[in-house]
Amino acid sequence: MDKIINNELFVKSLEIYENKRFNEYDALKPFTPSESFIKKMDKLIKSQSNYFYKATRTKARKVAAVLVAAIVLTASAMSVTAIRESILGFFISHTSEVDVIEYNNEKPESYPKTLNEHFTPSYIPEGYKLEDETFDSTSRELYYVKGENYIDFEQFTKAEYSSASDSEFSAPEKVTDNGMEYIMRTDEDMVMLVWEDKGYVFEMTGFVDKDEMFKIARSVKAGEVK
Amino acid sequence: MLTLYLSLTDSENNKDKFEKIYKNYSALMLSRAYEILRDRGLAEDATHNAFVRILKNIDKLDDSKSLKTKSYVMIVLENTAKTMYVKRSRQKIYELNESVPNTVSVERETETKLTAEIVAEKIAELPEKYRDIIVLKFLNGLDDGEIASALGISRTAVRKRLQRSREKLRELMGGISFG
């Protein structure tokens, strides 16, 4: 059985690490800001009240969405040429650190603007328990946990969907299972599926094998909005 | 009426806090952003963008001079600057830390007890993105959504990084876990 570090010692070690890191910043050269930067910051300080709101899952996604860059996705998934490629109606932008997937909203008037139904997997692998459920009018997340492993199931309106994840995942591939088309990416022991169905986008990431992920995806059913 | 007064007071406190953070850290943020981006205009843009992100989570920050606040501010700044850098270039980002040798030596043959200094040394060996996650989660006490907002990534990515950071740190510490 693993030994576990005392929490107090761990936090102290983080403090030691951060203090060392900041000591190294003494070597940084001083920077004199321009007049325009000072004015811009002055304006930001004066208009602060426009920004005061709690970070929500939706807002975190919107922040993530600004990472979208015009990049091509090649078979090797490592190119940074300025073209964005579409797979199954999704745009995927790739950098060396982060990938961003968005839905290609060419006809936004034809999609639900809010979640009119809440979709939920009716099958979850043994041992996983629902730990957290959060939702708003345009996105919903179910977070299942088993020890240190998890399965994260999310539903979005098409306009809302934007997902930024580490580029350690494999190049996205199109996969068909039971008549449904998915974008699938894998990384060591994780599988990510993204798909579009009934006017919504779904993303699921989990520490189970592909077969189990597809089994979960096939079990997703519509239910009433809570 | 009381609710409105309290929300205004809260707002005033946050405004005051933000102004103090700007006064205490803007010089350091600009220098660090310039170190990463090597361009004055971009360094200022990155710093401004970082302040916008910090503003969105200002109510989570405590005393502006605390180590927690400094950690949070610098992690947001560095991630903002690096994202900007990556979007413009394929070159590896210059890391100030890489040029500074690790001055903590470990007397392995005599060390029998796990100390905070040794754990700190192991944390320093982690890839930067895993270190940032651990600092934000365990030193700053942020939840997954707040970390996602600070770093500009999804909650799924936050959880994945946390998972990986646990595995890596456990490896480095010979099977001992944390958190």
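Naming convention: chains lettered A, B, ... in sequence-line order (proteins, then strands); numbering from 1 in each chain. Values in this document were obtained by computation on a predicted structure and should not be read as measured data. Excluded from the calculations below are hydrogen atoms, water molecules and symmetry mates; all remaining heavy atoms, backbone and side chain alike, are included.
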note = Heaviest contributor of heavy-atom pairs below 4.5 Å to chain A, chosen from B:M74, B:H48, B:K68, is B:H48
query = Got A:F10 and B:L169 here, is their nearest side-chain heavy-atom distance under 4.5 Å?
reply = yes
query = Would a 4.5 Å heavy-atom cut-off, applied to side chains only, mark B:R131 and A:E18 as touching?
reply = no
request  = Please work out which of the three classes, parallel, tilted or perpendicular, describes the rings of B:Y22 and A:F37, given edges at 30° and 60°.
outcome  = tilted
request  = Side chain from CB out, backbone as N, CA, C, O: work out which of these in A:K12 comes under 4.5 Å of a heavy atom of chain B, or both, or neither.
outcome  = both
ask   = Where on A:P33 is there a heavy atom nearer than 4.5 Å to chain B: the side chain, the backbone, both, or neither?
value = both
Smallest separation among heavy atoms of B:A120 and A:I16, with atom names = CB-CG2, 3.7 Å
Check whether [X] gets within reach of chain A through its side chain, its backbone, both or neither, counting any heavy atom under 4.5 Å.
X      : value
B:L142 : neither
B:I134 : both
B:A43  : side chain
B:K70  : both

ask   = Under 3.5 Å, side chain of B:Q163 to main-chain N/O of A:N149, donor-acceptor pair present?
value = no
ask   = Counting distance only, does the side-chain N/O of A:Y150 pair as donor-acceptor with the main-chain N or O of B:K160 below 3.5 Å?
value = yes
Distance in Å, [X] [atom1] paired with [Y] [atom2], rounded so as to fall on 0.5 Å steps:
X     : Y     : atom1 : atom2 : result
A:I45 : B:F18 : CD1   : CZ    : 6.0 Å
A:N19 : B:S71 : CG    : OG    : 8.0 Å
B:L30 : A:T32 : CG    : OG1   : 9.5 Å
A:M41 : B:S26 : CE    : OG    : 7.0 Å

ask   = Can you check side chain to side chain contact (heavy atoms under 4.5 Å, CB included) on A:F22 and B:L67, steps first, answer last?
value = CA-CA 10 Å; A:F22 295 141; B:L67 178 64; 3.7 Å; yes
message = What I want to find out is whether A:K39 reaches B:E44 closely enough, with some N-O distance under 4.0 Å, to be called a salt bridge.
response = no
message = Quick test of your reading of the model: are A:R21 and B:E78 salt-bridged, counting only N-O distances below 4.0 Å?
response = yes
task = Answer with yes or no whether the side chains of B:E117 and A:S13 bring together a donor and an acceptor at under 3.5 Å.
result = no
note = salt bridge (charged side-chain N to carboxylate O under 4.0 Å, His left out) filter on B:K137, not counting sequence neighbours, yields B:D144
ask   = Counting heavy atoms not belonging to A:K40, are there more than 12 under 6.0 Å from its NZ?
value = yes
remark   = Heaviest contributor of heavy-atom pairs below 4.5 Å to chain B, chosen from A:N6, A:V11, A:D152, is A:D152
request  = Mind ranking A:S36, A:P30, A:S34 by heavy-atom pairs under 4.5 Å with chain B and telling me who comes out on top?
outcome  = A:S34
request  = For salt bridge (Lys or Arg N to Asp or Glu O under 4.0 Å), just list the numbers for A:E141 and B:R159, CA-CA rounded to whole Å, side-chain angles, deciding distance to a tenth of an Å, and then say yes or no.
outcome  = CA-CA 13 Å; A:E141 182 182 7; B:R159 287 168 178 153; 2.5 Å; yes
request  = Test the B:R40-A:F31 pair against the cation-pi criterion, namely NZ or CZ under 6.0 angstrom from the six-membered ring centroid and within 45° of the ring axis.
outcome  = yes
